[in-house]
Asks: 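One structure follows; several queries about it will come next.
Quantities reported herein were computed from a predicted structural model and do not represent experimental measurements. Only this structure's heavy atoms are used, side chains among them; waters, hydrogens and symmetry mates stay out. Index from 1, following the sequence.
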Amino acid sequence: MNKQSGGCACGAVRYEASGKVEFAFHCHCRKCQRITGGGHASAFALHRDDIELTGEVREFEQMADNGAATYAGFCPTCGSPIFTRTVRFPDRLYLHVATLDDPSGFEPKFVVYEQAAQPWDYIDPSLQAAPR
């Protein structure tokens, strides 16, 4: 993924992303479960300078399972989650794959917080756990 575009369900928030994806993953932490309304969040990490956002994005602060402050960026019109960010890595945004105009090219490389996974949410055994 070198050039990506996407946005929210209603179109009020859009982004263009360029640059190299740092990594792609599934996160099973409770924060991501709540943000997505599912068993995990599928996301990819990019440097903030490689993303051009248009439209209003609001953020909700919460604590991650590791105790770090995180921020969920969402569209205030339709409520679609767009990205998350953390104070631990201030130069990085984690874009939700479902926001991509074409999410078919997503290739997760690992899982995080698999110990918090819900028993009904499948974890692909070919994906490795993130290094700790």
Side-chain angles (χ1 to χ4, degrees):
M1 286 195 261
N2 279 342
K3 188 93 167 152
Q4 299 295 323
S5 62
C8 66
C10 73
V13 175
R14 295 287 304 158
Y15 64 82
E16 295 285 332
S18 60
K20 187 175 188 304
V21 170
E22 294 181 40
F23 50 87
F25 63 101
H26 296 306
C27 181
H28 291 271
C29 78
R30 288 293 293 143
K31 175 190 72 70
C32 283
Q33 291 172 19
R34 288 183 178 106
I35 289 170
T36 63
H40 65 275
S42 298
F44 58 99
L46 286 169
H47 194 277
R48 290 178 80 136
D49 292 343
D50 293 336
I51 303 165
E52 183 180 329
L53 278 165
T54 57
E56 180 186 3
V57 175
R58 290 202 187 139
E59 292 184 324
F60 176 75
E61 181 181 358
Q62 54 189 323
M63 292 298 173
D65 290 1
N66 65 9
T70 63
Y71 302 87
F74 63 95
C75 172
T77 303
C78 67
S80 295
I82 306 295
F83 64 81
T84 59
R85 64 182 182 88
T86 176
V87 296
R88 291 182 59 213
F89 304 102
D91 294 333
R92 186 183 291 154
L93 287 182
Y94 305 93
L95 291 164
H96 291 285
V97 173
T99 66
L100 286 167
D101 291 336
D102 179 9
S104 66
F106 177 68
E107 294 181 33
K109 299 297 182 198
F110 58 86
V111 297
V112 294
Y113 294 105
E114 64 281 359
Q115 70 278 11
Q118 296 303 316
W120 44 262
D121 191 25
Y122 174 77
I123 296 178
D124 183 344
S126 72
L127 295 177
Q128 59 184 327
R132 303 237 188 259

Asks: Check for a donor-acceptor pair, side chain of H47 on one end and backbone N or O of D49 on the other, with a separation under 3.5 Å.
Replies: yes

Asks: Working to the nearest 0.5 Å, report the span between CG of D50 and CD of E16.
Replies: 12.5 Å

Asks: Looking only at non-hydrogen atoms, find the nearest pair between T70 and K31 and report the distance.
Replies: OG1-CD, 2.9 Å

Asks: V111 and L127: side-chain contact (heavy atoms from CB on, under 4.5 Å), yes or no, with the steps?
Replies: CA-CA 7 Å; V111 297; L127 295 177; 3.9 Å; yes

Asks: Would a distance-only check, ignoring hydrogens and angles, find a side-chain to backbone donor-acceptor pair under 3.5 Å from T99 to G6?
Replies: no

Asks: For residues R14 and G7, report the shortest heavy-atom separation together with the two atoms involved.
Replies: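 For R14 and G7, the tightest heavy-atom pair comes out as NH1-N, 3.5 Å.
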
Asks: What is the distance from atom CD1 of I82 to atom CD1 of I51, rounded to the nearest 0.5 Å?
Replies: 11.5 Å

Asks: Grab the two heavy atoms, one from K20 and one from L46, that are nearest each other, plus how far apart they are.
Replies: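 That would be O-CD2, 3.4 Å.
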
Asks: From L95 CG over to L53 CG, what is the distance, rounded to the nearest 0.5 angstrom?
Replies: 7.5 Å

Asks: Would you please name every residue forming a salt bridge (charged side-chain N to carboxylate O under 4.0 Å, His left out) with E56, sequence neighbours left out?
Replies: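 Partners of E56 under the salt bridge (charged side-chain N to carboxylate O under 4.0 Å, His left out) test: R58.
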
Asks: So, taking the atom named OG1 in T86 and the one named CZ in R92, what distance separates them when rounded to the nearest 0.5 Å?
Replies: 9.5 Å

Asks: If a pair satisfies ring-ring contact (aromatic ring centres under 6.0 Å, His included) and one of its residues is in residues 8-43, list it, with sequence neighbours excluded.
Replies: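 Passing the test, one end in residues 8-43: F23-F25, F23-F110, F25-Y94, F25-F110, H26-H40, H26-F106, H28-H40.
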
Asks: Grouping I, L, V, M, F, W and Y whenever their side-chain heavy atoms are under 4.5 Å apart, do I35 and L93 come out in a common cluster?
Replies: no

Asks: Between Q33 and A116, which heavy-atom pair has the shortest distance, and what is it?
Replies: NE2-O, 3.0 Å

Asks: Output the distance between atom CD (Q4) and atom CG (D101), rounded to the nearest 0.5 Å.
Replies: 9.0 Å

Asks: Working to the nearest 0.5 angstrom, can you tell me the gap between C27 SG and E114 CD?
Replies: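 The SG atom of C27 sits 9.5 Å away from the CD atom of E114.
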
Asks: How would you list, by chain and number, every residue that makes a side-chain hydrogen bond (donor to acceptor under 3.5 Å, both in side chains) with R85, sequence neighbours excluded?
Replies: E59

Asks: Where do K3 and S18 come nearest, in terms of heavy atoms and distance?
Replies: CD-CB, 4.3 Å

Asks: Locate the shortest heavy-atom distance separating A9 from C78; write the atom from each residue and the value.
Replies: N-SG, 3.7 Å

Asks: As a quick check of understanding, evaluate side-chain contact (heavy atoms from CB on, under 4.5 Å) for V87 and Y71, giving each step before the final call.
Replies: CA-CA 8 Å; V87 296; Y71 302 87; 3.8 Å; yes

